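Single-structure report; data block below.
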Amino acid sequence: MRYFTIAMKKHFFSLACVCLVINAEAQTLSSSLAQGFKRFSGNETMKYAAIGFTVQDAAGNTVFAYQENMGLAPASCQKIVTAATAFDQLGPEFRFATQIGYSGTISNGVLNGSLLVNGSGDPTMASWRYPSQPDTAFFAQALQALKSKGISTINGDVVATNSKYDMQAVPGGWIYDDMGNYYGAGSWALNYHENQFDALFTANGKQGDAATLQKIEPATVLNSFNNFVTVGAAGTGDNSVIYSTPYSGMAYATGSLGKSEKPYTIGGAIPNGEAALLDALKNYLTANDISIQGDTKSSQYFLINKKPMPKSSETIGTYQSVGLDSVAYWFLQKSINLYGEALLKNLAIAAGKIGNTEIAADWERSYWEAKGIDRNALKVRDGSGLSPQNRVTSKSLVQILQYAKKQKWYSAYYEAFPLIHNIKMKSGTISGAKGYTGYITDKSGREYTFALLVNNYSGSANAVVQNMWQLLDIIVNNK
């Protein structure tokens with residue numbers, strides 16, 4: 001088997017590109033990609049852009065590479081790293097476990113103590129995505145656990161006893177513009193409704209008028225919501241932003257909503273997932289004839305007030321989430337940032353560390369370093385890719401994709417990838433950055449792994465996307 005090296009010519013802008021091929025078909029594809037990349041990089045939208053592009057065949061031979069060792073912001077393309085690490089370390093059968101217990105004693109149906117909930121970061125708690133586990137499944141199990149002990153009255157509080165997660169719910173690299181929106185929700189030991197609330201607006205007045213806030217769902221997750229959203233010109237769509245921070249009971253919305261007869265639903269971030277879950281649990285139990293004399297107390301209450309958390313007298317139930325294969329499916333399909341942060345923290349916990357994002361990210365880099373990927377090629381700051389401080393190389397993404405193909409969990413991993421432009425690939429988007437990475441098959445059935453990352457492009461995101469797809473179509477149409 002003979003290898004060839006093809007150097008790009010000077011009229012290709014002196015691109016530092018090396019194409020390794022093992023047969024005539026691959027050599028043809030390499031040449032086609034070189035020509036296509038010349039057009040792509042010469043486009044006006046790429047004038048000031050940094051680009052990383054790596055394509056490998058099924059055997060791991062590099063077919064095309066350009067600046068494959070340049071660290072770039074991957075946005076949500078980074079999720080394929082978190083998912084692969086979780087499958088490899090936790091296993092596809094992994095489930096988040098939430099323990100239900102109590103402190104004190106039980107006498108004549110009265111719990112003289114508190115109901116204790118010990119979470120493990122389950123991001124699917126009270127989610128609407130899983131038919132096998134309705135959004136009330138945890139609450140129903142907690143109710144059944146109390147009934148099994150004959151408890152009808154709790155002469156105490158509903159308490160979160162978190163010992164493995166730190167208080168830093170949002171990674172340090174995230175920005176204020178993101179934190180109040182649904183995709184910027186924090187990650188706690190207990191989470192509720194994917195830590196998302198919906199603000200329902202109507203914008204059918206005159207341009208410049210205040211848009212009307214109809215309601216917040218779930219209604220109990222905020223103390224106050226201030227509306228500064230105005231009606232914009234018809235056809236301009238949703239240009240609103242919700243601002244809030246973790247542990248704040250207040251949020252406000254600004255921007256505009258294009259004049260429309262149809263209502264708008266804007267997703268916001270619940271500022272304290274743990275407190276929201278406890279409140280929802282208390283309300284559910286009370287509605288189902290469990291009398292609760294006390295209040296709800298999150299684990300932060302004990303940490304802030306330097307009080308010892310109640311000790312469990314007995315565990316009376318353990319609620320388990322859906323399996324990792326289902327979690328990973330929605331994580332990649334819908335690009336749910338919360339899932340990535342919860343998985344990353346649990347990877348650290350599984351390694352015997354605290355559920356802290358910074359510690360977990362450092363551990364993840366070491367994990368892949370032990371498998372041959374330079375830790376400086378994976379400068380990750382979170383589990384989702386939302387931080388603009390993440391820097392990942394296109395080569396490292398392809399190396400992880402190649403590694404995954406050799407693992408027993410690959411089929412579940414592959415299935416989780418969205419089908420975009422008829423290619424199984426994960427997209428990534430943050431301000432000024434766009435990326436795609438995944439698995440691609442040509443017309444002859446040959447499979448390739450690839451990563452294409454673009455930072456600091458000019459012009460419209462849609463134009464950049466179309467140009468990226470045209471470049472990837474060269475592989476799809478290869479015979």
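We're numbering straight along the sequence, starting at 1. Everything numeric here is computed off the predicted structure, so don't read it as measured data.
Using a 4.5 Å heavy-atom cutoff, the side chains of Pro271 and Tyr247 are not in contact. Proximity of Ser103 to Lys311: side-chain heavy atoms (C-beta onward) are nowhere separated by under 4.5 Å. Residues Pro310 and Phe302 meet the side-chain proximity criterion, which asks for heavy atoms closer than 4.5 Å. By the 4.5 Å heavy-atom criterion applied to side chains, Asn239 and Leu257 are not counted as neighbours. Between Leu397 and Val392 there is a side-chain heavy-atom pair separated by less than 4.5 Å. Counting heavy atoms from C-beta on, the side chains of Leu452 and Ser394 never come closer than 4.5 Å. You'll find the side chain of Asn112 stays beyond 4.5 Å of the side chain of Ile154, heavy atoms only. Contact check for Lys408 versus Pro92: no side-chain heavy atoms found under the 4.5 Å cut-off.
Between Trp409 and Phe87, the angle of the ring planes stays under 30°, which puts this pair in the parallel group of the 30/60° scheme. Taking the six-membered ring for Trp and thresholds of 30 and 60 degrees, Tyr410 and Tyr413 have ring planes inclined between 30 and 60 degrees apart. Note: Tyr192 and Phe139 have tilted aromatic rings, judged against thresholds of 30 and 60 degrees for the angle between ring planes.
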ask   = Does the side-chain contact (heavy atoms from CB on, under 4.5 Å) test come out yes or no for Lys424 and Ile440, once each step is laid out?
value = CA-CA 6 Å; Lys424 285 290 261 186; Ile440 191 168; over 6 Å; no

- [ ] Please assess Gln207 against Asp209 for the test side-chain hydrogen bond (donor to acceptor under 3.5 Å, both in side chains), listing each intermediate value before the final yes or no.
- [x] CA-CA 6 Å; Gln207 186 173 342; Asp209 286 351; over 6 Å; no

_Show, in sequence, the C-alpha distance, side-chain angles and deciding distance for Glu358 and Arg381, and conclude whether the salt bridge (Lys or Arg N to Asp or Glu O under 4.0 Å) test is met._
CA-CA 7 Å; Glu358 185 176 353; Arg381 295 293 306 274; over 6 Å; no

message = Apply side-chain hydrogen bond (donor to acceptor under 3.5 Å, both in side chains) to residues Ser76 and Ser335 and explain how you reach the verdict.
response = CA-CA 7 Å; Ser76 285; Ser335 209; 3.0 Å; yes

- Stepwise side-chain hydrogen bond (donor to acceptor under 3.5 Å, both in side chains) check, Ser366 with Arg375: CA-CA 6 Å; Ser366 298; Arg375 65 184 289 108; 2.9 Å; yes

From CA spacing to verdict: side-chain contact (heavy atoms from CB on, under 4.5 Å), Gln333, Phe417: CA-CA 6 Å; Gln333 288 284 322; Phe417 278 69; 5.7 Å; no

For this session: Assess whether side-chain hydrogen bond (donor to acceptor under 3.5 Å, both in side chains) is satisfied between Trp368 and Tyr403, documenting all intermediate values.
Result: CA-CA 10 Å; Trp368 288 106; Tyr403 174 86; over 6 Å; no

**Message:** Under the criterion side-chain contact (heavy atoms from CB on, under 4.5 Å), I'd like the reasoning laid out for Leu401 against Gln56: C-alpha separation, chi angles, the key distance, then a yes or no.
**Reply:** CA-CA 10 Å; Leu401 293 171; Gln56 291 185 0; over 6 Å; no

Item to complete: Quick one: do Leu111 and Thr153 satisfy side-chain contact (heavy atoms from CB on, under 4.5 Å)? Show the steps, please.
Response: CA-CA 6 Å; Leu111 169 60; Thr153 300; over 6 Å; no

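Expressed to the nearest 0.5 Å, how far CG of Asp362 lies from NZ of Lys353 amounts to 8.0 Å. The NZ atom of Lys79 sits 11.0 Å away from the CG atom of Leu343 when rounded to the nearest 0.5 Å. To the nearest 0.5 angstrom, Gln402 atom CD is 12.0 Å from Lys395 atom NZ. Going from atom CG of Asp198 over to atom OH of Tyr182 covers 10.5 Å, rounded to the nearest 0.5 Å. The line from NZ of Lys297 to CE of Met309 is 13.0 Å long, rounded to the nearest 0.5 Å. The OH atom of Tyr243 sits 8.0 Å away from the CG atom of Asn181 when rounded to the nearest 0.5 Å.
The closest donor-acceptor contact from the side chain of Glu217 to the backbone of Leu200 lies at 3.5 Å or more, if one exists at all. Between the Thr202 side chain and the Asn204 main chain, no donor and acceptor come within less than 3.5 Å of each other. Side chain of Ser387 to backbone of Gln389: a donor-acceptor contact under 3.5 angstrom is found. At least one donor-acceptor pair under 3.5 Å links the side chain of Arg95 to the backbone N or O of Ser321. Proximity of a side-chain donor or acceptor of Asp88 to a complementary backbone N or O of Ala84 within less than 3.5 Å is not detected. Remark: side-chain polar atoms of Lys259 are not paired, donor with acceptor, to backbone N or O of Ala233 under 3.5 angstrom. Counting only distance, with no hydrogens or angles, the side chain of Asp325 and the backbone of Glu93 share no donor-acceptor pair below 3.5 Å. The backbone N or O of Val454 sits nowhere less than 3.5 Å from a side-chain atom of Lys434 that would complete a donor-acceptor pair. Under the 3.5 Å distance criterion, the side-chain polar atoms of Thr393 are matched with a main-chain donor or acceptor of Ser396. Using modelled atom types, one side-chain atom of Asp374 and one backbone atom of Asn376 make a donor-acceptor pair closer than 3.5 Å.
Residue Gly435 comes nearest to Met468 through the heavy atom pair CA-CE, 4.0 Å, listed as atom of the first residue, atom of the second, then distance. Residues Val398 and Phe450 approach most closely at CG2-C, 3.6 Å, considering heavy atoms. The two atoms that bring Gln320 and Gln133 nearest to each other are O-NE2, 3.0 Å, heavy atoms only. When every heavy atom of Val221 is checked against every heavy atom of Phe197, the shortest pair comes out as CG2-CB, 3.8 Å. Contact record, Tyr457 with Ala433: CE2-N, 3.7 Å, taken as the closest heavy-atom pair. In terms of heavy atoms, Gly184 sits closest to Trp174 at O-CZ3, 3.5 Å.
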Side-chain donor-acceptor distances from residues 281-293 under 3.5 Å, at least two apart:
| unit_1 | atom_1 | unit_2 | atom_2 | d |
| --- | --- | --- | --- | --- |
| Lys282 | NZ | Gly294 | O | 2.9 |
| Asn283 | ND2 | Asp279 | O | 3.2 |
| Thr286 | OG1 | Lys282 | O | 2.9 |
| Asn288 | ND2 | Tyr284 | O | 2.8 |
| Ser291 | OG | Gln293 | NE2 | 2.7 |

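With 3.5 Å as the limit, one finds no donor-acceptor pair spanning the side chains of Asn462 and Ser460. Side-chain contact, Thr54 with Glu68: a donor N or O sits under 3.5 Å from an acceptor N or O. The closest side-chain donor-acceptor pair between Asn118 and Asn162, if any, does not fall under 3.5 angstrom. Side-chain contact of Glu314 with Tyr102: a donor-acceptor pair under 3.5 Å is present, judged by distance alone. With 3.5 Å as the limit, one finds no donor-acceptor pair spanning the side chains of Glu274 and Tyr165. Using modelled atom types and a 3.5 Å distance limit, the side chains of Tyr264 and Asp238 yield no donor-acceptor pair.
The distance between the ring centers of Tyr414 and Tyr439 falls below 6.0 angstrom.
Under a cutoff of 6.0 Å and an axis angle of 45°, Lys371 and Tyr367 form a cation-pi pair.
Within 6.0 Å of the NZ atom in Lys206, the count of heavy atoms belonging to other residues, nucleotides or ligands does not exceed 12.
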